[in-house]
Each structure stands twice: as structure tokens, then as C-alpha cells.
Chemist: 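Got a structure for you, written out below as C-alpha cells; questions coming shortly.
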Amino acid sequence: MEMTKTPSAISRLCFLLLITACGTGGSAANDGPYDVILKGGWIVDGSGNPRYRGDVGVRADRIAAVGFLGAAGARETLDVSGLVVAPGFIDMMGQSEINVLIDNRVLSKLTQGITTEVTGEGGSVAPLTDKLAAADSDGMKKWHYREDWRDLNGYFAQLERQKSALNFATFVGATQVRLAVIGNENRDPTAAELAHMVAIVDTLMAQGALGVWTALEYAPASYSKTDELIALARAASRHGGIYASHMRDEGQHIDEALNEVFRIAKEANIPAEVSHLKLSGRRSWGQMPRVLAKIDSARAAGLDVTADQYPYIRAATSLDASIPTWAESGGWDSLLIRLRDPVTRARLRGEIVNPSTESFYVAAGGGAGVLITGTFQDSLRYMQGKTVAEIAALHHRDPVETVFDIVLAEGGHRTDAVYAIMDEPDVQAAMKQWWVSVNTDFGGVAPDGPLGTQSAHPRAYGTFPRILGHYSRDLKLFPLEFAVRKMTSLAAQRVGLTDRGLVRPGMFADITVFNPATVMDRATFEQPHQTSVGIAYVLVNGQVVLKKGQLTSARPGRGLRGPGYHR
């Protein structure tokens, strides 16, 4: 007797057969137990498609099966009913390349679901010279780490020795290349120097760098002309890399800065990424829709341009970023000499108060909008958590003079500061764009670690849960699936990490499991060292590194190589 099947029965049968095949590399039967099964969760796979209920089976460091796994066995089965199972989040701009050598837990990243950090904005782990390493000697003594590498292979080897809870991928920082070849001088490279810089980029791209990254608002990168950057970008393009940029201006002159990005993308034939897209300073607030339209227009004209962003209205950088960049020509010693000279100091004060371009200090509305978050010298620790205006009042000093005093007192070390420079409607407008991914723009820290003695920006702990909880769930700016895509497959695709960013068989098992009803950031500017809530489990390369919100002993993170890598 011929059995009749309804369409729904056929669909279920086909689905089960498909899942069985996926779970066994195409064979008809399960060839053994999984290492981990995540059972009964809502799978948000990173593609932007609607969530669905199912199981995820992990074998070794890969996702082996997705769907209904029935009674399949596993070394460890985690009941994730009611929770969202997503790809591990990718931080498109972290700053943990040294932090991980100091504290390999990288706790503030893991507790917000990050499994991979992308780093290398301007400065990068390589190239590293003996002279550049010597300049970092005070930091190495204070934080107890060693810069024993000189290229990217060397750094990844050190990372493997010291272990990490999450993965790291890096760009070649154009600032780093300039420092290695030219130093801090405010001049163009010679033809021989430029050839040397291009050769360095070629070498590091072949070692697995993702592309070239510029930080053009800061010295000495600000001394670079566009033609120099095009030459470096062409080298990255030859290896399938991308060009990322903290642009020269993010405020009143953002149009000119974007035009430079577009020119580099076109002439170097390279995809471009606008780093931490923002509108800086009150005079520029409200223009984000126009800026987004300008980028969309460039995309429509054939340029491959995207951006990333963090979800806060205050930026974090160094206090000396308030000082005109020409004053840093020659390096820190030259800056300190200029600050001690009354005539030069008066000139710098005049340029800060009445700038030709809006400085960080002016964009923040003056000293009241500049919060000191970290000092290198322990004797200055009392300044942390105070604004420049408050510190100036304590010492009966002018706020701008107080900036100079602090920089001098640090003795050639950077002071961390937070600047109130953005407007919430602009932040939200950028966040709703489908081509804008997510970054923390901060290094991994921990309340109980050595770096917990420094203050921080809340984005160090709260970026990804803030988008999931505050913006997606509470404000309903976009669906959860849209938010997860921004954090996972969009980022992975952008930097060429083609085997991460999706919950699919064959992909690396970087997985974040969270409670969609409770996920939320807790870190504030007043109390930044507070981990987020709602992140239940985090797997990195198939190993559970966060379990029921608590860190495990696993340190399975790896150095990830870009598309140009040659063994």
C-alpha cells in the first residue's frame, strides 16, 4: 500500500534529513556524541533572518549541527530554553592588544558577549622596533608585560603562549608604520621611506593583517598627506584587505574628511570603513541624516563604504588630544618643551580657545565637558572622575592651563579623558543604518584586575548589551535580528573573517547566548566598572568561557588572520 504524505509531513521529513546531514558532515547518521549541545534556544543566526527554535551541536571548535537534535548525546548539554543563541559578537574596534597581555581574561568584553576583537586603529602591535619598544618601557614596568615581538607573527606567537579568553584580529596601523620609518616628525616621507612603508604593509598583510587603519585626527598621523595613504591602501588592497579610518575631522569639516575616504577607496580600489561614525561638537549636531545620505550616495556610485559605531554620546581619548597636533611634532619630549615655553604655551591656548577647526576641548563645551578617567601617575589619581573644570577650580587655575598642567605632570604619559561631544538623535540615526556595525573603542578591563584601578568609559563593559536592551528591546529602534546581524555577520564579512559571524554548520563555534528580556548594560560614567547582565553563555572556538554569567578557566582565544595570509 502506498503511503500518502501531507505537505507538512514532507516538510518535516526533509527538515529532519537536512539537519542529520548537516550534523554529520553529510553522512546519513550521527557518527558520535557532540562536545556541547545548546538545547531548545531561539536561534538568531546572524543573517538577519527571523529567529527560530532549535538546538546547536558543537564538535571540537566548529558548529556541527543546527536544528532539532533529539536525543543526541554530548559531553555537556546546556539547557538554553527561552534564551537567544547568536553568533559570538565581533568588536569592530577594540583596544585590548596590550590589555590581554596584562590580564588575559578580557572580562569586560566576554561579559557583553564579545568573542572576537578587531584592533589596530592607527597604532598596532606591528611593526615594532627596538626604539618603539623602548618608548613603552614605563608601561611595561607598571603593568608587567613584555613586547618581545617585532612583527605580527611574533605577536600572535606571544598571544598563544600567554593565552586569551577571546580571539584577536588586527589591522596594520598607519601611525605605527609612520613611527617605525619616519618617527614623530611633521614631514612627508622620502621616496625611499614611502617604499619602505609600503613594503612593511605588504609583509604584515601576508602575515594576516586585515588591512590598513588610519587615525588622522592625532599626531603624527595627521602629518600624512592623502597620496601617502593611497600608497599604503594599495598595498593592503593587493592582499584583499580594507582601508579603515578615524577621519581627520568628525565635526564641522566632516564633508572634506569623508571626501578623502572616498578618494582613497576609489584610487586604491579598496573597501573603506569609517571608524566610530559620529558628529562631534554642538555646531554639527543634527546633520547625521545628511552625512548618512552622503555615504549612501558614494555607495550608489560604486564605492564600497561602510561604518561602525558605539552607542554613547561621549567619546573617550587622551587629554592631549585637546592640544593642536602641530605641538607634538618631534614627539612627547618636544610637546613638553613647548608647554614649558610661555610664548608657545600662550599660542596653544589661543588656538584651543579660538580654533580654526573645532578641537575636542571646544566640541565638549570646555572644561566642564572633559572628564578625566585615567592617569598614569599614581599621584594624580585623585583627578579621576573629575572634570577639567572641577580640577581647575580646586587649584584656582584656568581650565585650559589646567589641561597643560596635567599633561606636564604626567611626564610624557597619556591621560585618559571622556568628552561630551555627541547628540543622541545623531547616534540613533546612525545606529538604524543597515551598513553600520558595532565597536566598543575601548580595551578589555575587569573590576578586580590590574586595569580596574583606572577609570573607564562605560562602553568598555556595556556597548553590545546596551544596543540589545536599551535600543532594540526598550526603544524598539529595530528588531533583535537586525541588531544581532550588525554585531556578527556584518562585521565578519567586512573584515574577511568568512568562517565566523553565523550560526551554521561548519562555522567556528563562537557563540553568545543571552536573555532577550533582561540583557542590559549597567556601566555608567560615574561607575564604569560594572559588568553587563543577561549574557548567559559564551563559547569561543567551541569552549565555554562564560557559564551562567561566570567566567570559566578556559582560554581558547586565537590570533585570527586576514584574507592575505600566507603561512
Side-chain angles (χ1 to χ4, degrees), residues 89 91-114 117-119 121 123 139 142-145 164-166 168 246 276 278 309-322 360 364 369-378 380-388 390-391 406 410 413-422 427 438-467 469-470 520-533 535 551:
F89 302 154
D91 184 353
M92 279 289 280
M93 178 195 283
Q95 309 280 356
S96 305
E97 60 271 30
I98 298 301
N99 292 31
V100 68
L101 304 180
I102 300 168
D103 184 350
N104 70 4
R105 297 174 299 168
V106 210
L107 184 71
S108 64
K109 299 294 175 96
L110 281 180
T111 50
Q112 57 178 302
I114 294 167
E117 177 181 296
V118 176
T119 188
E121 180 206 6
K142 182 180 177 71
W143 301 115
H144 308 294
Y145 70 94
S164 168
L166 67 154
F168 281 86
H246 174 153
H276 47 50
K278 68 171 75 70
Q309 174 202 38
Y310 52 81
Y312 295 88
I313 60 172
R314 297 188 191 182
T317 186
S318 58
L319 184 63
D320 62 281
S322 293
F360 275 100
V370 184
L371 180 73
I372 302 300
T373 58
T375 62
F376 184 87
Q377 304 294 349
D378 292 339
L380 303 179
R381 192 67 55 79
Y382 75 93
M383 295 181 179
Q384 291 183 181
K386 294 182 175 65
T387 66
V388 166
E390 290 170 336
I391 297 166
I406 296 171
E410 287 278 41
H413 300 285
R414 295 193 185 278
T415 306
D416 298 324
V418 165
Y419 297 82
I421 61 174
M422 289 169 277
V427 172
V438 182
N439 73 75
T440 66
D441 196 8
F442 212 90
V445 290
D448 62 343
L451 297 168
T453 59
Q454 302 290 103
S455 190
H457 191 296
R459 68 194 188 199
Y461 289 90
T463 294
F464 288 76
R466 182 172 177 79
I467 293 174
H470 178 63
M520 181 55 73
D521 60 308
R522 296 190 305 158
T524 65
F525 289 99
E526 293 74 25
Q527 294 182 298
H529 286 288
Q530 298 189 82
T531 56
S532 293
V533 295
I535 304 295
L551 192 70

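The model shown is predicted, which means the values in this text are computed figures rather than measured ones.
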Chemist: Begin from the C-alpha positions of Tyr312 and Met422 and carry the test side chain to side chain contact (heavy atoms under 4.5 Å, CB included) through to its verdict.
Modeler: CA-CA 8 Å; Tyr312 295 88; Met422 289 169 277; 5.7 Å; no
Chemist: Considering only heavy atoms from C-beta outward, does the side chain of Leu166 approach that of Glu117 to under 4.5 Å?
Modeler: yes
Chemist: My understanding is that only one of Thr463, Val445, Asn99, Thr440 makes a side chain to side chain contact (heavy atoms under 4.5 Å, CB included) with Lys109; could you say which?
Modeler: Thr440
Chemist: Report yes if the side chains of Leu319 and Tyr419 come closer than 4.5 Å at any heavy-atom pair, otherwise no.
Modeler: yes
Chemist: Rounded to the nearest 0.5 Å, how far does CE of Met93 lie from NE2 of His276?
Modeler: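 Between His276 NE2 and Met93 CE, I get 4.0 Å after rounding to 0.5 Å.
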Chemist: With no hydrogens and no angle check, is any side-chain donor or acceptor of Gln309 less than 3.5 Å from a backbone partner on Val427?
Modeler: yes
Chemist: Does the distance from a Lys or Arg side-chain N to an Asp or Glu carboxylate O, for Asp378 and Lys142, drop under 4.0 Å?
Modeler: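 Salt bridge between Asp378 and Lys142, a charged N being under 4.0 Å from a carboxylate O: yes.
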Chemist: Have a look at Tyr461 and tell me which of Arg522, Arg466, His529 forms a side-chain hydrogen bond (donor to acceptor under 3.5 Å, both in side chains) with it.
Modeler: His529
Chemist: Does the side chain of Thr387 come within less than 4.5 Å of Leu371's, by heavy atoms?
Modeler: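 Answer yes - side chains close enough.
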Chemist: I'd like to know if the side chain of Glu97 reaches the main chain of Thr119, judged simply by a donor and an acceptor atom lying under 3.5 Å from each other, with no hydrogens or angles considered.
Modeler: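 Here the side-chain-to-backbone pair does not exist.
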Chemist: Start with the C-alpha distance between Asp441 and Glu121, add both sets of side-chain angles, then the distance that settles side chain to side chain contact (heavy atoms under 4.5 Å, CB included), and finish with yes or no.
Modeler: CA-CA 9 Å; Asp441 196 8; Glu121 180 206 6; 3.9 Å; yes
Chemist: Contact between Asp416 and Ser455 at the side-chain level, heavy atoms closer than 4.5 Å - yes or no?
Modeler: no
